[in-house]
Structure formats: structure tokens, C-alpha cells
Amino acid sequence: MARPLAGRQIPLFVFGLFGGFELRKFLILFVCVASLAQTAWAAESQPVTSEHDVATLVTDRDSVGPDQAVRVGLRLKLKPGWHTYWLNAGDAGEAPTLKVTASGGMKGQSDKIDWPTPVRISEGGLMSYAYTGDVVLPERLELRGRDGAQLKAHAEWLVCAATCVPESGDFGLDLPGSAQAAAPGVQAPLFDKAEAARPVPSPFAATIAPDGRLSLSGQGLSAHSVSKAWFMPSVSGVIDQVAPQKLEMADGRLSLQLKWLEGAHKNVPLSGIVVLQDAAGQQSPLWIDAKSGAAEPMPQAGGKANIGQIVLFAFLGGLILNLMPCVFPVLAMKGLSLARMGGTHRRAQVTSAAFYTGGVMLTFGALGAAMIGLRAAGSAAGWGFQFQSPVFVVAVGWLLFMMALNLLGVFEITTGGIGQDVMPREGHWGDALTGLLAVVVATPCTAPFMGAAIAAALSGPAWAGLAIFLAMGFGLASPYVLIACVPAIARRMPKPGAWMAVLKQALAFPLLATCVWLLWVAALQRGADVVVIAVGGAVGLGLAAWLFGMGQRQAMLEGASKRVVVCRSLAAVAALLTCASLARVDEGRASSGPVVAQQAGVVPFSEEKLAEARAQGKPVFVDMTAAWCITCMVNERVAIDTPAVQAAFAKRDVVYMKGDWTNRDEKISTYLRRHGRDGVPLYVYYPPHGEEEILPQLLSPGIVQAALKKGSEGGA
């Protein structure tokens, strides 16, 4: 370990620079600085430096407890233009080696590198699988004993640019002992980054045919979830690594056409990394062990027919969305509008339906355009992404609170100005606003057919994506259009009367209940402080609504007057001050972990834990959820957290794994896209043996138990 200044003579003139400092004080300061420097570099050895790179030995802990495993690795800081190699170097090159030995109070040895996923470098007709920049090649070192360890390591590696240079180094590093297991040290993030770059075991069945067709099959593979893919074999001398790998996609199937090298054995298994990339550029490296087998013909895509089918699915998804619990509060307002239509002329009914449909479709189109734009910019935005913003959650809560106050009669939506027509009228803009609210509160829910439609909208051309979102909007609005445009149905609507005033006030309470739910979501996202801002803002908006309503009543009695102007001015000030406080919502502390409550026996989702459980032969039930997803909450109450299903989980020793998407999480977003989804809920069951099964978005205890039973029978 390098210790700057240690053992060096300090010139006398240095002491003169410190003026009033006494020698003893200076020495104390020097010791403190030297100690800090030693601590900062405790997990990294002295460097071996060349013209091409800087190499060190690093560990993920600054000390080590009794019988504790540590991660140790060769860190290479490569100069621009230079690279080193992966397990399979490619057409030229050589893989690095690292052997670490521990002595002293604790002993152990390691020489197996846990390889991160490399990049492909194609030059001069040759393909290399390599690493560039700052890379750590990690190993796991099992230590036995106590009282610390002295690490000795020898590494050899090849660095290449226009020329290749073999390099090597011997490294030493002391790890002090501690009484208990040591916490991760300053270099731990380097190992976390390397771990995140490792390929995960593929959830898809893989085969390699004699003609070189590499096929992956399983639910979640589709042209909407995978836009590019490539394969990197674990050994060289098998395939032409420079040859193009033609990708063909179909629902549940992926194939890459590989080219065998002359003389290569064509009837043997093939292992390596398949990298799947979606339309947003997000990559998912998967380790596969492809079995030798015959190639199955790939189903042909239907082109325009598929687009038409997806648009139909989008329409059906929007139609079914009317039955989802998210939309219930707005259904109340739509019900009130339908009641008003019972005594109006058909033209007024059709116009009302047209404005409501326009509000729905314009909002759906705007939401779709935002999602497509964010995806094009590299974001991982999915369905319901706006609810991952606590500012949006609080703003929607305030909007629904104001609508509830309107239904309770605190103020009325009017079409006149001061002293003019101030009688309450919903008007066509009220219909359009109802359509906007219907879409806003519907986004925490998904319905059958919507998953495939949204994935298609976000992975295809922008015009097709907008058409799909507009089709969903028309599906959501279609029941209202049907009632308004079919005279036989409109005539059967109840006639307006005094009962409507009671219904109007009663319908305010579902909106207030929705406000409580949104407040809970915001509190989970930003902590208890946001409750004060949200509730205080509701009080401010309530004051504004009361002042505005008082001005309305005064105008009905007196016409235009100073009192009316004062009331409306004060209402505007209260509303503006409340809206200004919205910026403070994001000042709260964001949750650093899952915000959905984790019950006893529930494992937080991670790819590593999923792979570990599957490697042990355990069945796994993955539940992707969010606190703002009403469908998720309902499914958990009625289909998962039931005695029968929990007993079935216990009987089969099922690992119940829950992923929380309440706040943005790239790992969960990647998992969702890999399974053809752009939002929650997602339920995936992995049997002990066999392929995964994606369950419907609307669950029942019978559906879950049937999946468990089928998976058990398949593994028998």
C-alpha cells in the first residue's frame, strides 16, 4: 500500500511556513492526514503502471471479520483507445488471469473471474470481446480464520490498440481483522457495478440447430420487447464471429442465424451470452446453455394485419378499463352526466358525448406522445410513469378534491361572467374535463389486452404508437358514446329531478376517498413531510373554493359588485399560493428502498435472488406491483393474500418475490420490458422445472392455484 511522505525527510524550511505552529502540533496534524490517506486507500494496492494502463488489486472491504468472504478484483484503468479481453477474447487476443492467495490469520485462494458482459469490437475483419475504460474483473475469495489477512496476487493480461502488449503484475494488500463481519468499504461500488454488468441466467429455453439457428423460446419474447439481439460464444473457433447474425422475432420466439466455422462440430451444445436490446436501447445480457436440436420454423409476422390486431386490442383494453377500480370515481361523474342527458334533446346528448370523447382521446394522445418521446430520449417510461412523481400525485389529489367540492356545492362551474349568466352549467368544457380526469385516474390501472398494445405502441413507429393510444382512448369513451348515440338507450335514461342534487353530493365521497389514497401514495414516496404540504394545500384550495362560491352567490343577489370582485380576487390569491407550494413536494427525502409493505416471508425482487432460487430448484412467484396501482392492490387482496393461495405457496415451498415500482427502478423496468410489459401489474410463475408462465393481469385464487398445480405437474 502506497503511503505518501512516509519515510521521507522533510526540509527545515517547511517548518517556517507554519509560523506560530509548534513542531508537536504539526506532527499531530501530519499523523492525522497520513491516517486519513491510509484509510482512503485501504482497499486498493499499490499500482502497477505502464504507458497503456494502471493496474491495482482492489477489495470490497477495508477490513474483514472471522470466516468472512470478500470480493477481490483486478482493476484496470485503460488509456483511451486500449482494451483488454473477456473469457473468450474473440478472433485474436487472450483472456486475463488473476490468482489471489491469502495468508496470515486468515487463509484462502481464488482464481475464477466472474466475468462482466463485454463489448464487441470489430476491426479489420476480426471480432474481439473486450473491456475498455475503467474495468474491474472480480473474484470471490472465501477466507477462513480471524485476525486479518495478507493478500498476494499475480495477474497477467493483454492490452491492445494498434498493437498488443502483454502485461503482468504482482500485488500485495493487507486487510486488518475485525471482531465481526465488516461492512462494505470505499471500493464496494466498483464491485456492484461489475456485478450489475454480469449476464443473468436466461429464463428462456435455448437450442442450437445444425444449420446454425440459435433459438430462444418463452413468454415475454416479442418484436415489441426486443429490437436487437446478438450472441457472444464462451469459446472461440466455433462460429464466424464477424458474420451478421440475422434476427427473427415472433411472439414467444427469437432466433439468431449464426454461421458455423469450417470444420466446427455442429451437433454439440453451445454456451455464451445473448444480449437483448429494446427500442429504448436498454440491454439485458443473458447467459445461455443452448442444447443441440432441430430448428423450428419461425412464424411469419402479419405486417399491416398485426397493426390492425394491436389497434383492436387497444380498443378492447380501453373498453375494459371502464371496469377497473381506478376509474370508479370518474364513473360517478359520468353517471351524473348520463342522468342529465335523460331530459335533453338527442343533439345535446351527442354533443356532450363528443366533447367527453374528445377530452379522453386528446389526453390519451398527449400521454402516448409523452411516453414515446421519453422512450426516444432514452428514458424507461412505462404505463403509469407519471404516478412515480409525487408532485403529480399531489396535484391530481388536489384536482379531485376541487371536483369533490364542486359536487358538494361549495362552488359551481358557470358559463357567465360577473353580473351575467351565473347559473350552474356543466357545459361542453365540463364534459371534456371529465374525459381528461377519466384518463388521469385510469393510468394506475391496466386491463387485459393493454399490455401488448402499450408495448407495441412504444416499440413501433411513432404514428402507429399514437394510433394505438388513441384507440385505447376511444375504447374508454365508447360506452358513453353508445348511450348518447343510440336513441333507444338514451330514452331509457331516468328523467332529471330533485334526486339528482342528492346523487351529486353523494358522488363527491368516492373522489374524497381517492384523495386519501393519493395522499398515502405521496407519503410513501416522500415521507411524512409531504402530508403537511398536501393537506395544507387542500385547505388553501378549500378556502379558494369557498371564497369563489361566496362570490358566485353574492353575484346572483346583487350582480356585479365590489364584494364579488374582492371574493374572487382573494380566491385567486389563495389558489396561486397553494399551487406555488407544489414545488416543495419534491424537496422531501425520496425513499431509498421498496415503499410497498413487505410481509413476512416475502422476498424483495432482484435478478440475483431469482437466479439463486431457480438454481436451487425452488418454484418462484414474482409479483411486480406499485403503491399507486389499484389493480395490483386488489389482486393482492382477493387473489394472493388469501388463506387458500398462501397455503398452496407453503405446501409447494414457493418463493414469493415482490418487486416495487412505486418509485422509478431501472431493474424492474428492464424485467417488465423483457416480459413484454410497460407497466404493472405483472405476475410470473417459475415452476421448479420448465418454462416460466405469465399470469393474467386480473387474478383470482383459482388462476394462481391452477398455475401452481400445472407447474408442479410439469416438473413431476
Which heavy atom of [X] sits nearest to which heavy atom of [Y], and what is that distance?
| X | Y | result |
| --- | --- | --- |
| Phe204 | Gly218 | CD2-CA, 3.9 Å |
| Gly90 | Asn88 | N-OD1, 2.9 Å |
| Val684 | Ile694 | CG2-CG1, 4.3 Å |
| Leu78 | Val135 | CD1-CG1, 4.4 Å |
| Thr84 | Pro96 | OG1-CG, 3.7 Å |

**OP:** Tell me, with the steps shown, if Leu221 and Leu216 meet side-chain contact (heavy atoms from CB on, under 4.5 Å).
**Re:** CA-CA 8 Å; Leu221 290 173; Leu216 272 63; 3.9 Å; yes
**OP:** Not counting sequence neighbours, which residues clear ring pair (Phe, Tyr, Trp, His ring centres under 6.0 Å) with Trp82? List them please.
**Re:**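 Listed in chain order: His52.
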If you measure from the Lys or Arg side-chain nitrogens to the Asp or Glu carboxylate oxygens, is any gap between [X] and [Y] under 4.0 Å?
| X | Y | answer |
| --- | --- | --- |
| Arg140 | Asp114 | no |
| Asp111 | Lys99 | no |
| Glu44 | Arg75 | yes |

We want to know whether [X] and [Y] form a side-chain donor-acceptor pair, criterion being a heavy-atom distance below 3.5 angstrom.
| X | Y | answer |
| --- | --- | --- |
| Arg253 | Ser217 | no |
| Trp157 | Glu167 | yes |
| Glu693 | Tyr685 | no |
| Asp62 | Gln187 | no |
| Glu156 | Ser168 | no |
| Trp287 | Ser234 | no |

Subject >> Tyr686-Phe621 aromatic ring centre distance below 6.0 Å >> reply: no
Is there a donor-acceptor pair closer than 3.5 Å between any side-chain N or O of [X] and the backbone N or O of [Y]?
| X | Y | result |
| --- | --- | --- |
| Ser178 | Gln180 | yes |
| Asp240 | Trp260 | no |
| Ser227 | Asp278 | yes |
| Thr662 | Ala627 | yes |
| Tyr671 | Glu607 | no |
| Gln68 | Gly65 | yes |
| Gln150 | Gly172 | no |
| Ser110 | Leu141 | no |
| Asp60 | Arg71 | yes |

Subject >> Residues forming a side chain to side chain contact (heavy atoms under 4.5 Å, CB included) with Lys609, sequence neighbours excluded >> reply: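 Side chain to side chain contact (heavy atoms under 4.5 Å, CB included) check on Lys609 returns Val603, Pro604, Ser606, Met657.
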Are any non-hydrogen side-chain atoms of [X] and [Y] less than 4.5 angstrom apart?
| X | Y | result |
| --- | --- | --- |
| Asp91 | Val242 | yes |
| Trp230 | Leu247 | no |
| Pro118 | Tyr85 | no |
| Thr59 | Leu175 | yes |
| Arg614 | Pro203 | yes |
| Arg146 | Asp67 | no |
| Arg198 | Thr117 | no |

Original post:
Considering residues, nucleotides and ligands other than Glu51, do more than 12 of their heavy atoms fall under 6.0 Å from its CD?
Top reply: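 Open.
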Subject >> Candidate list Val159, Leu158, Ile121, Asp53, test side-chain contact (heavy atoms from CB on, under 4.5 Å), partner His83, passing option >> reply: Ile121
Subject >> Residues that Arg144 engages under salt bridge (charged side-chain N to carboxylate O under 4.0 Å, His left out), provided they are two or more places apart >> reply: Glu142
**OP:** Could you label the plane-to-plane angle of the Tyr129 and Trp86 rings as parallel, tilted or perpendicular, counting under 30° as parallel and over 60° as perpendicular?
**Re:**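 Geometry flag for Trp86 against Tyr129: perpendicular rings.
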